[in-house]
Amino acid sequence: MALEFRVLGEVGASADGEVLAAGHARQRLVLAALLLDAGRVVPADQLVTRVWGEHPPSRVANALQTYIARLRRVLQPHGGAIERRSGGYVIPLPDPDALDLNQFTNLVAKARATADDGEAARLYQRALELWQGDALLGLESAWADIVRHSLSRQRTAAELDYADRQLRRGRHGDVLGLLSRRADEYPLDERIAAALMRALHHSGRTDEALARYRQTRTTLRDELGADPSPQLRAVHEDILAAQASPPAAPRVMAAPVPQQLPPSPPRFTGRDDEIRHLDTLAERHATVPITVLHGGGGMGKTALALHWAHRQATAFPDGRLYVDLRGFSPDGDPTPSDVALRGFLHALGVTGASIPADPDARTALYRTLLAGKRVLVVLDNARDSAQVTPLLPGDPGCAVVVTSRNRMTSLTTTHGATPLAVRPLPAPQARTVLTARLGPDALAADPDAAEQLVTRCAGSPLALGILAARAAEHPDFPLAALAAELTDVSALDDGDASVAAVLSWSLRALPPQHAEVFELLGLAPGPDISVRAAANLTGLAPNAIAAILRALERVSLVEQDAPGRYRMHDLVRLFAKTHLSLPAEERTAALRRVIGYYTGTALAGNRVLHPHGIPPHGIDTGHDHPYPHQLTDSDEALAWFDADHDCLLDAQRTAAAQSWHRPVWQIAWAFTAYHYRRGFLHEDLAVWAAAVHAADALGEPETRVLAHRRYGLVNARTAQHDNALKHLSKALELVDLRDLRVRAIIEHDLAQSWGLHGDQRSALRHAERSLELFLPLGNPVWEAQARNGVGWHLTLLGRHDEARPHCERALELYRKENHPAVADVLDSLGLIEHHTGQHADAVRHYREALASYRETGNTYLEADTLEHLGHTHREMGDHGKARTVWQLALDLFRAQGRFAEVATVEAALARLDSGKTWPAPRIR
């Protein structure tokens, strides 16, 4: 007899279609508490908490045993069971689909994994038909409320995914009713509003679509004091444009589709067997398919991976991710996995502080974003399995290609990867490569010389490519002359003799100035270099160096991987670094120039991004360079930092290795605003650790104070409290007692550190000391910062009447200075008004703060303020508005990977109608 269980509606069981008597509500709640963990043991005390809450009756153990016994009597005649195991109970489910929730989850996963919109819509329909009302219908407990709300959001997410698929199919009328109901339920959910507007417009109801936009815009302004998001405005603009033009296919708003692949290698030939194997990656698998292309340097692993990946646009419609992991780079460490993850998350639409600082949280968010998608991930030049594992997707719809000089054996054993050797090209294929590059006539004119070239290149595609580029540069040279020039030299350390031979020959063939530039490029910090950085490295004018870089590109000694940016193959760079001819003093001067360029430009960029900051004494010295880069606005500064971030990090490491201590700490300072905006906490830890060492070596008191202070603060922000106190205390010990400003800043940082640690009394002591030191200086911005800190910690200690004057004065001072931190004070005042019962004033302050955060794009603090606002709406009895703003906060927290906040807001949403007492709102 087929036994089935349901939780998506009224909780119960049935056998062969006959509904079984599962008992009264409390007994069915016991059944639900077991079913939500079907197949796993639920400890007895956890069952009690789920069913009776935090204050169960005195004889609860007997009651639980009674309900278990009754449920057994109902289930056992039909093959069901409730088993007692190791202090708890479990319902075994031999068939997971016997539970409707499991069916729903599996169907939704299949729907998200398919690229066929029609098939996806059918699967979504089957999944949604399983719902027979709200989950755990009629059952009351705090746990049931939390579960019910969580499952409700899963249902809504599936409904919206279903609607998106139907809209893509042109089935607008099929989802109008569903979207209308959800828009009424969630009036501030802009994704629902956008979908409904598209459905109305393409159903011939454009006036209603535009009216829905106006309604949503008004609601956003009334509730949040904010304008519609750029995505919703784009849908509105599309509809307006369509009114003045012939109908077009609907524009579907979606997450970014990453296309990170470098250009496909030109004139790729050969490797037919390897490509046939890679083609199987585009097929569907039960687990994530992974292929490791392994082989020696210069074997063309990257070219093979990119050539194949570019052919797979239709097989992976959700995008293609790429990263060079620099596993065998001769001039620096491999790219850390968490840094690569940051780049992937940027490509997937997650930016700034939304990227979690914790590497495990980054991986979790990355895999969440790829769930249900078909994305190809190319991990180029990997060193080992440990570097690769955090970058593996979790969804079998995705596929991974790894290139490495290692076989990655552990990746094969633990993740089922398939190793595929990329060996030297056989002589016939090598001749094919030369024929494709030089033309058949050139080889036919002197077959003996052609054979010599093939032999000397030893099947290395890199060597063949460089040789062919050299020959193409001089088409009048007979092949015999080229073969005579190509003489053997000593092998490189990894045995790539053919590459060394070709490079040595190519170097001798370069004009002297080009050969000097080639050598200096091998010394440059970072994975690639811009034209302006190369100009500073070499001392040549930008126009002149651009021409030389193009010439080096023509002979395949550098590659232009982005407009105006060049990189060397790692073997080419190793050759450039080990075959040195320039005097040591010229190489040192070149390094000083390029590090001066990176330092000076980064400092200028930091001033643009943080115009209100006061630079440390001596920050603008010691970074002379001939061709400066003037950054004029924040967009240009951010773009420069984004492009040169890795180069700048490597410049700091290079300076540290040379014991050039001043640029080491200056680069750390120059990162201040950029790392804060991008949320690069772990990168900040590394640069300030180096800065502390450099500052201590310099022995300059002011520099040491700055380095220890900033390093202490970033330790506090990454929850390393003891280390934070150690370095902040060191800064306080070193500071000149007459320097009230710096002493005040350190006290302010100590307040932050103690506050983040949860000790608000200690935080308040330091905040008050900071204010005491700032006041005699007469600077309104410093005073405002200190007063807001005092007010904030007083509020957290419940001393709201004392906190309010400090925050009101801070608000007044910030407004006079037109300072962006006014939003922080408004949030503080909102919390004060909330706790003192002035709810209308709290809402007003929160809305003004939200408008400011949305204007500046600060979604991190926007999410916090939305959560605070939800508590105020709930206190006012407006549960609808509370649910709306909490849902917006929840969406932001999820996108930012802030999982603790997600759990807190989900619990708050679930408790809205429970009537339980509420904890104070969570504060940042």
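Sequence positions, counted from 1, serve as the residue numbers for this chain.
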Stepwise side-chain contact (heavy atoms from CB on, under 4.5 Å) check, Leu71 with Val74: CA-CA 5 Å; Leu71 288 169; Val74 172; 5.5 Å; no
Verdict with reasoning, Tyr67 to Leu47, per side-chain contact (heavy atoms from CB on, under 4.5 Å): CA-CA 12 Å; Tyr67 294 153; Leu47 270 176; over 6 Å; no
Tell me which donor-acceptor pairs under 3.5 Å the side chains of residues 18-29 have, and how far apart each pair is, sequence neighbours excluded?
{"from": "His24", "atom 1": "ND1", "to": "Arg26", "atom 2": "N", "distance (Å)": "3.3"}
{"from": "His24", "atom 1": "ND1", "to": "Gln27", "atom 2": "N", "distance (Å)": "3.3"}
{"from": "Arg26", "atom 1": "NH1", "to": "Val51", "atom 2": "O", "distance (Å)": "3.1"}
{"from": "Gln27", "atom 1": "NE2", "to": "Ala22", "atom 2": "O", "distance (Å)": "3.0"}
{"from": "Arg28", "atom 1": "NE", "to": "Gly23", "atom 2": "O", "distance (Å)": "3.2"}

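Remark: Ser337 engages no residue in a side chain to side chain donor-acceptor pair (under 3.5 Å) (not counting sequence neighbours). Listed by chain and number, the residues in a side chain to side chain donor-acceptor pair (under 3.5 Å) with Arg148 are Asp145 (sequence neighbours excluded). Taking the side-chain contact (heavy atoms from CB on, under 4.5 Å) definition, one finds that Pro228 meets it with Glu190, Tyr213, Arg217, Leu220, Leu232, Arg233, sequence neighbours left out. For Arg205, the salt bridge (Lys or Arg N to Asp or Glu O under 4.0 Å) criterion is met by Glu208, not counting sequence neighbours. By the salt bridge (Lys or Arg N to Asp or Glu O under 4.0 Å) test, Arg59 pairs with no residue at all, sequence neighbours left out. Judged as a side-chain contact (heavy atoms from CB on, under 4.5 Å), and not counting sequence neighbours, the contacts of Asn106 are Asp97. By the ring pair (Phe, Tyr, Trp, His ring centres under 6.0 Å) test, Tyr124 pairs with no residue at all, sequence neighbours left out. Partners of Arg72 under the salt bridge (Lys or Arg N to Asp or Glu O under 4.0 Å) rule, at least two apart in sequence or in another chain, do not exist in this structure. Residues satisfying the side-chain contact (heavy atoms from CB on, under 4.5 Å) test with Thr291, not counting sequence neighbours, are His277, Leu278, Leu281, Leu293, Thr418, Leu420.
In terms of modelled atom types and a separation under 3.5 Å, the side chain of Asp100 and the main chain of Trp131 share no donor-acceptor contact. Side chain of Arg6 to backbone of Glu10: a donor-acceptor contact under 3.5 angstrom is found. In this structure a side-chain-to-backbone donor-acceptor pair under 3.5 Å is present from Arg367 to Leu392. With Arg374 contributing its side chain and Gly397 its backbone, the two residues share a donor-acceptor pair below 3.5 Å. Under a 3.5 Å cut-off, the side chain of Trp886 and the backbone N or O of Glu867 do form a donor-acceptor pair. Although no hydrogens or angles enter the test, the distance criterion places no donor-acceptor pair under 3.5 Å between the side chain of Arg155 and the main chain of Leu8. Judged by distance alone, with hydrogens and angles left aside, the side-chain atoms of Ser141 form no donor-acceptor pair with the main-chain N or O of Gly53 at under 3.5 Å.
Judged as a ring pair (Phe, Tyr, Trp, His ring centres under 6.0 Å), not a single pair has a partner in residues 150-171 (not counting sequence neighbours). Applying the salt bridge (charged side-chain N to carboxylate O under 4.0 Å, His left out) test to residues at least two apart or on different chains, the pairs with a partner in residues 38-52 are Asp37-Arg40, Asp37-Arg50.
Between Asn62 and Gln65, the closest side-chain pair of non-hydrogen atoms falls below 4.5 Å. A 4.5 Å side-chain heavy-atom check between Gln46 and Tyr89 finds every atom pair outside the cut-off. Side-chain contact check for Leu93 versus Asn102: some heavy-atom pair is nearer than 4.5 Å. Counting heavy atoms from C-beta outward, Leu128 and Glu159 have side chains that approach closer than 4.5 Å. Here the side chains of Pro393 and Val375 are not in contact, with every heavy-atom distance at 4.5 Å or above. In this structure, the side chains of Leu160 and Leu179 come closer than 4.5 Å at one or more pairs of heavy atoms. Side-chain contact check for Leu200 versus Ile239: every heavy-atom pair is 4.5 Å or farther apart. Between Leu75 and Phe5, the closest side-chain pair of non-hydrogen atoms falls below 4.5 Å.
Look at Arg126 and Glu129 and you find no salt bridge, because none of the NZ, NE, NH1 or NH2 atoms lies under 4.0 Å from a carboxylate O. The existence of a salt bridge linking Arg311 and Asp279 is confirmed by a sub-4.0 Å separation between a basic side-chain nitrogen and an acidic carboxylate oxygen.
Smallest separation of non-hydrogen atoms from Leu136 and Ala32: CD2-CB, 3.9 Å.
Taking the six-membered ring for Trp and thresholds of 30 and 60 degrees, Phe316 and Trp308 have ring planes more than 60 degrees apart, a perpendicular arrangement.
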